[in-house]
Amino acid sequence: MNQEEPVKSLNFIEAMIEEDIRSKKHSGSLQFRFPPEPNGYLHIGHAKAICLSFGLAAKYKGLCNLRFDDTNPIKEEVEYVEAIKDNIQWLGFTWDKECYTSDYFEQLYDWAILLIKKGKAYVDDSSADEIASWRGTPTQPGQESPCRNRPVEESLDLLGRMKNGEFPDGSKVVRAKIDMASPNMHMRDPIMYRIKHAHHHRTANEWCIYPMYDYAHGQSDYIENVTHSLCTLEFEVHRPLYDWFLDNIIDDEKVNRERTRQTEFARLNLNYTVMSKRMLLQLVEEGHVEGWDDPRMPTISGLRRRGYTPASIRNFADKVGIAKRENVIDVSLLEHCVREDLNKIAQRVMGVLDPLKITIANYPDGQVEELEAINNPEDERMGTRRVPFSKTIYIERADFMENPPKKYFRLSPGAEVRLRYAYYITCTEVVKDASGTITELICTYDTATRGGDSPDGRKVKGTLHWVSAEKALKARVNLYDRLFSLEDPYSCAEGETFLSNLNPNSLEQVEAFVEPFLAEGQPFDHYQFERLGYFCLDKNSTPGNLVVNRTVTLRDSWAKQAEK
RNA sequence: UGUCCCAUGGUGUAACGGCAGCACUAGUGGUUUUGGUCCACUCAGUCUAGGUUCGAAUCCUGGUGGGACAACCA
């Protein structure tokens, strides 16, 4: 009787958009944009922003541009723009137009002339130190520059000469004339242009003056007809300035009514990692990780190399939601999202990370048989494969205990277990070396249990993964753990930095044995190593030199119980 | 001695003046040729003090707590 459809709950941005649609605020379709600065690699926090703007565009039948905010030539590089484009496409999004703020330098310059002519901007000869000291503090008003009231003609002349390269870096700036006593520091005559005789990755040496973020961003949105300009919370105090520039440049009532509006949401934070571009850059440059795409990095490239899928990241972005309050997401949610996706799509395979040799005493010498194994129990369409079985095999060292506790379902002296897709085996003898370390197990198998079922119906509690010693392939396996050992890597003792919280065991490398099927894989292919976790082939893996990265372990309720 | 933003289970996020819901985490049980998956269940929340109202997580006021703002960075 209660057939109410589940109420769709909107986040505050969707609610605003639907209100704009209802009130017909915009005469055209909705337009979004994702505006990275090409000065580093994108991370999972950017992925949230990308999913937001591109996702909204898709949901409301609008478009989303990719715009590189390239107004600071000394920090920006082509390598970064290529990586960013790559990441966005990999995530599964397609931008409408590929834009660059540098495409608008000419227009921005013309608008600067307009503002000076209107008496809304001026050229300032003050030094950086003077400007900083005259700006005041958040609690004290600033004071006006001596150049503030210089004649319009003089500012115009100076601006032209700045552009022509007549002045050295730092000798002059263009400032908006707003209010040095404003409680908002950003309104105290903010700088619009600075002189930088630097090579720009797109405009080369055409310009030696470059606009500041605040002077460029709103106008770029306006030029692209952006209707909803979404950014993170730290730009909230910039919004009055965003509006001020457009208010003073655009003289058209209708355009102003429909004009782009900035809306801020809380950025993503994840525990056990850092999300600051500066810190990520430091990790790369100082060699604490192997590069921007090191699988321990929270970068999109790192997550990809770790074995995360685009769908898992999109789903994660959806689950964390959009709001304005500060948040720290638990990595377990991210891990849940990959497991959820990989469980559906990952090829199952067997591999042994910490091998213990077993000789099956009653199995014929030299015999090898091919046993049928299911590729993915969650998806019948993925079919089956054949796995070679032989007299000597390897199992996981942790799957045998000489003196097992109660509820231990695995192998122990006299116990019978199932080898997955193979046979029931019983341990008859434990072989040790002089130091008492177990070196080998002697077992017998029940020939009637081929495939893993017993015709007499007897049950075994344990099922182990295994690999044929004769046919297995060697593989280098990278076992990754969290990069930092502290939930909050930013908190550290006096005189120390976040680097002191690096987890010394974030990477453990082992030589493992895997079934021959792995040789058919391509870099980035996903696998589930049964009973162990999800893995993928590294970008540098080849059939003859397998390199496997662990994405995440399987949930392990036995490990939890064993801890107690 | 400022301005602005924010406050719901352990973590996130809904509820738009009318029964505080969902996901993750944790725990219990069931199914299982992965101690996986799946299924069922359990623990657990409106920062505080007033006010408005028949009725407040929601509106108002004051506290408290957290965050942002003083690059010629974005």
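Keep in mind it's a predicted model, so treat the numbers as computed, not measured. Values below: every heavy atom of this structure, side chains too, minus hydrogens, waters and symmetry copies.
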Practice prompt. Could you state the atom-to-atom distance from NZ of A:K319 to C1' of B:rU25 in whole Å?
Written response: 14 Å
Within less than 4.0 Å of OP1 or OP2 of [N], is there a side-chain N or O belonging to [X]?
| X | N | result |
| --- | --- | --- |
| A:K324 | B:rG66 | no |
| A:S182 | B:rU3 | no |
| A:S557 | B:rG36 | yes |

Kindly indicate whether a cation-pi arrangement holds for [X] with [Y], taking the cut-offs as under 6.0 Å to the six-membered ring centre and within 45° of the axis.
| X | Y | answer |
| --- | --- | --- |
| A:R150 | A:Y122 | no |
| A:K196 | A:Y210 | no |
| A:K163 | A:Y109 | yes |

Quick one: label [X] by what it contacts on the DNA or RNA (base, sugar-phosphate, nothing), any heavy atom closer than 4.0 Å.
| X | answer |
| --- | --- |
| A:D453 | base |
| A:E378 | base |
| A:A128 | base |
| A:R348 | base |
| A:F235 | base |
| A:L233 | nothing |
| A:V173 | base |
| A:E530 | base |
| A:V328 | sugar-phosphate |
| A:S133 | nothing |

Worksheet entry | Selection from B:rU34, B:rC69, B:rG35 that lies nearest to any side-chain heavy atom of A:D556 | B:rG35
With hydrogens left out and only the distance checked, is there a donor-acceptor pair under 3.5 Å joining [X]'s side chain and the base of [N]?
| X | N | result |
| --- | --- | --- |
| A:R410 | B:rG35 | yes |
| A:Q140 | B:rU1 | no |
| A:H238 | B:rA74 | yes |

Worksheet item: A:P377 or A:L10: which one's nearest nucleotide on RNA chain B is closer to the 5' end?
Response: A:L10
Practice prompt. Find which nucleotide of RNA chain B each of A:D129 and A:L419 is nearest to by heavy atoms, and output the residue with the more 5' nucleotide.
Written response: A:L419
Worksheet item: Mind checking the P distance from B:rC16 to B:rC59? Whole angstroms is fine.
Response: 11 Å
Fill in: Distance between P atoms of B:rG10 and B:rC43 (Å, rounded)
14 Å
Discussion item. Quick one, A:Q528 and A:F535 - any side-chain contact, counting heavy atoms below 4.5 Å?
Written reply: no
Worksheet entry | Between OH on residue A:Y423 and CZ on residue A:F389, distance to nearest 0.5 Å | 6.5 Å
Fill in: Result of checking A:T71, A:D69, A:D70 against A:S102 for side-chain hydrogen bond (donor to acceptor under 3.5 Å, both in side chains)
A:D70
Worksheet item: Can we call the ring centroids of A:Y527 and A:Y534 under 6.0 Å apart?
Response: no
Worksheet item: Any Lys/Arg nitrogen of A:E416 or A:R458 sitting under 4.0 Å from an Asp/Glu carboxylate oxygen of the other?
Response: yes
Item to complete: Using the six-membered ring for Trp and the full ring for Phe, Tyr or His, decide whether A:Y213 stacks on the six-membered base ring of B:rA74 (centres under 5.5 Å, planes under 30°).
Response: no
Fill in: Syn/anti state of B:rA26 by chi, 90° boundary around 0
anti
Worksheet item: List RNA chain B stems (3 or more consecutive Watson-Crick/G-U pairs, under 3.5 Å)?
Response: B:2-7 with B:64-69, B:10-13 with B:21-24, B:26-30 with B:38-42, B:47-51 with B:59-63
